[in-house]
Amino acid sequence: KEGKDPEIINMDPDKSYNSQVKGNSGDDEKDAGPPLKDDAEFSKFFKMLKMGLPLGAVQNAMKKEGKDPEIINLDPEKSLSSQQQSKSKDARKPAKPKGPKVARKRLHWNKIDESKLHEKSFWNQAKDQSSLQLVGLDIDNEEFASLFTSSLNKAAAPKKETASDAKKRSSKQKVQLIDGRRRMNGSILLTKFKVDFKVLAKQVDNMEYVEAEGNELRGMMQLLPTQDESLALRSYLPPDDAPQVEIEESIAKLGECEQYMAVMLDVPDAKDKFECMLFRSEFENHADSIRDGAKLLIQACDSVINSERFRKLLMYALKLGNALNTGGANEEVTAITLDSLLKLAEAKAFDRQTSVLHYLVSIVQKNDEDVLKLSEDFVPVKAAERVAMEMLAQQLKEMEKGIKLVKDVVKRHLPETVASTDGMTDEMPEDELLGATPMGRFSLSAASKIHSLSIKFDEAKGSFQNLLQFFGEDNTMTPEAFFCTINTFVSMFDQTHKELKRKQEAKERKKRIDDKRELREQAMAAKKIKSK
């Protein structure tokens, strides 16, 4: 009320105010020591923190060296001695007297601003009338306190811990050493793929078969610890020569994702081994893709090059085009590109309705109806349009690269029974070395299949090049472009044939109706003549 600092009452009454105010400020104290970030004893820990290592990992590293882990929470710009002195002074400050804390029930009402009250309002009158001041009001203070106040210092009744509470408490105690988003995504994957991490680590180390899809193996490979995460985990975990029980207890305190990373730390070449397992998992799918694509290309090339109907149609188109362009002069074209067939639908007669393609179909229909069944020859061609030869070549190249990696990894990690052979592994045949492990035996079988696929793919390439050469097309044309042109023209040819057929049927239907009407008119005329 008098504008004084209430904290003064907590000071030492036997000392002057100025001396105690001066003592409380740290302005007169000199910070003689080096900043913590430059202190030779602690600088490396602050560097670890700056590199992005989790706080828990840094504190564990400090504990291993016998340092106080709480020092990492101090200001790195100040010396250790100055901050310890500040703490000791804070500890000597007299504790503030604390009265009992009380919780009160409150009445949430709407207050009226006094400046807005009329001078004759009830509330202004109540201030001046003693009868309204309720002086001497009889209130039982103990009853009021028991009803509307509650001491916060009372010991709360112990709450029985439920299973969910215990689960939450245990989850809060988990040590977290990696990025939160990465931990969450990794936990989702590992929850779906239920497996003991130690068993999985052994399977990966030996490159054994794991019941997992390619995407799951790829996800687990991406969850392998990075260099920084490995450093954080090794800083947290006890040294390798520590008792196994201590190591297992430390791992058990980690989150699910960190536990997976911790057991994978001891798997040599874990990434390469995962690559080998992933290659084996997806091998058959990639092999089928190349085999089916090559087979389809060969079938489509054979269908086009051996179609007698297509050859006849090309000659009909060539003859019709020459008749249009030269008018019978001796300037005829002897060969056209296949994409020229698409232009037959663009060129129109002077009636602006009949296209050259309409006319071509009508000529074929009159002269050789069998050619109209052209689409029956090109069934494999429809699917060949979706086969990308460049993609097949890239897949084959990746498979050859993958099988080389598998063989290299197997040779680097031979079983002890083979690797212990003194100086003999260099002289052993490759088949014998690789045959010592399941992954090695797979590599031998896969290499044989890849060789067969390569021969089949070369056969498909040769068939397509022969096809381009047969029709005089550009040898750089892709199968997609070539077969797309063929399919588009055949589709246009069939649609035009159906359109002409509908027009012919409509014309015949109209003729039948006209003939019937004419017969009725003749019958009526004859009847009139007889009646006369």
Side-chain angles (χ1 to χ4, degrees), residues 209-219 221 274-310 338-339 373-407 438-439 441-471 473-491 493-494:
Y209 176 77
V210 177
E211 292 185 2
E213 297 180 357
N215 288 336
E216 292 174 329
L217 288 174
R218 187 176 286 103
M221 181 175 67
F274 260 117
E275 290 279 9
C276 296
M277 296 168 68
L278 181 61
F279 178 82
R280 178 175 58 189
S281 173
E282 298 178 339
F283 178 80
E284 289 301 332
N285 287 338
H286 290 318
D288 290 343
S289 175
I290 296 172
R291 188 184 301 107
D292 294 345
K295 181 181 178 181
L296 195 55
L297 283 176
I298 294 171
Q299 290 176 344
C301 291
D302 291 343
S303 297
V304 176
I305 207 169
N306 295 323
S307 174
E308 188 68 25
R309 292 166 177 160
F310 187 53
L338 295 183
D339 60 0
K373 301 177 182 178
L374 176 64
S375 58
E376 295 179 4
D377 295 349
F378 286 176
V379 173
V381 178
K382 294 181 180 179
E385 180 184 338
R386 298 188 296 272
V387 177
M389 186 173 285
E390 290 183 0
M391 186 177 295
L392 294 181
Q394 182 63 28
Q395 280 186 322
L396 187 59
K397 185 178 180 180
E398 289 177 356
M399 291 183 77
E400 291 171 345
K401 182 180 177 182
I403 200 63
K404 183 180 179 182
L405 172 66
V406 172
K407 289 182 177 181
M439 183 62 77
R441 290 190 289 274
F442 160 76
S443 70
L444 293 174
S445 173
S448 177
K449 291 181 180 180
I450 291 173
H451 180 67
S452 299
L453 289 173
S454 181
I455 294 174
K456 193 71 174 177
F457 179 71
D458 289 342
E459 182 184 349
K461 283 173 59 179
S463 295
F464 182 66
Q465 287 301 315
N466 291 337
L467 181 64
L468 294 178
Q469 186 179 18
F470 182 76
F471 287 105
E473 296 291 329
D474 185 356
N475 60 6
T476 62
M477 182 181 287
T478 64
E480 304 101 285
F482 180 89
F483 292 119
C484 179
T485 300
I486 296 293
N487 287 330
T488 303
F489 172 71
V490 173
S491 177
F493 184 78
D494 286 344

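Nearest approach of Ser375 to Asp494, heavy atoms of both residues: CB-OD2, 3.3 Å. Taking each heavy atom of Val406 and Cys276 in turn, the nearest pair found is CA-SG, 3.6 Å. Across every non-hydrogen atom of Asp339 and Thr485, the tightest pair is CA-CG2, 3.7 Å. When every heavy atom of Ala383 is checked against every heavy atom of Leu296, the shortest pair comes out as CB-CD2, 3.5 Å.
A donor-acceptor pair under 3.5 Å is absent between the side-chain atoms of Ser281 and the main chain of Met277, judged by distance alone. Side-chain N or O atoms of Ser448 include none that pairs as donor or acceptor with a backbone N or O of Leu444 at under 3.5 Å. The backbone N or O of Val381 sits less than 3.5 Å from a side-chain atom of Asn487, completing a donor-acceptor pair.
For Arg309, the side chain to side chain donor-acceptor pair (under 3.5 Å) test picks out Asp370, Asp377, with sequence neighbours left out. With sequence neighbours excluded, the residues forming a side chain to side chain donor-acceptor pair (under 3.5 Å) with Asp474 are Thr476, listed by chain and number. Here Phe457 pairs with nothing under the ring pair (Phe, Tyr, Trp, His ring centres under 6.0 Å) rule; sequence neighbours left out.
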Side-chain atoms of residues 386-404: list all donor-acceptor pairs with protein atoms under 3.5 Å, sequence neighbours left out, distances to 0.1 Å.
unit_1 : atom_1 : unit_2 : atom_2 : d
Gln394 : NE2    : Glu398 : OE2    : 3.3
Gln395 : OE1    : Ser289 : OG     : 3.3

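Of the inter-residue distances, the one linking Glu211 atom CD with Glu216 atom CD reads 10.5 Å to the nearest 0.5 angstrom. With values rounded to the nearest 0.5 angstrom, Cys484 atom SG is found 4.0 Å from Glu385 atom CD. Here Glu473 contributes atom CD and Leu338 contributes atom CG; the two are 4.0 Å apart, rounded to the nearest 0.5 Å. In this structure, OG1 in Thr478 is found 6.5 Å from CZ in Phe464, a value given to the nearest 0.5 Å. Note: Ser303 OG to Ile298 CD1 = 12.0 Å, rounded to the nearest 0.5 Å.
Residue pairs meeting the side-chain hydrogen bond (donor to acceptor under 3.5 Å, both in side chains) criterion with at least one partner in residues 454-471, sequence neighbours excluded, do not occur; the list is empty. The salt bridge (charged side-chain N to carboxylate O under 4.0 Å, His left out) pairs that include a residue from residues 275-301 are Arg218-Glu282, Lys271-Glu275, Glu284-Lys449, Asp288-Arg291, where partners are two or more places apart or lie in different chains.
Aromatic ring pairs are classed by plane angle as parallel below 30°, tilted from 30° to 60° and perpendicular above 60°; the pair Phe310 and Phe378 is perpendicular. Aromatic ring pairs are classed by plane angle as parallel below 30°, tilted from 30° to 60° and perpendicular above 60°; the pair Phe482 and Phe471 is tilted.
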Between Phe279 and Phe442, is a side-chain contact (heavy atoms from CB on, under 4.5 Å) present by the stated rule, with each step listed?
CA-CA 11 Å; Phe279 178 82; Phe442 160 76; 3.8 Å; yes
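When side chains are defined from C-beta on, Phe483 counts as touching Cys301, because their heavy atoms get closer than 4.5 Å.
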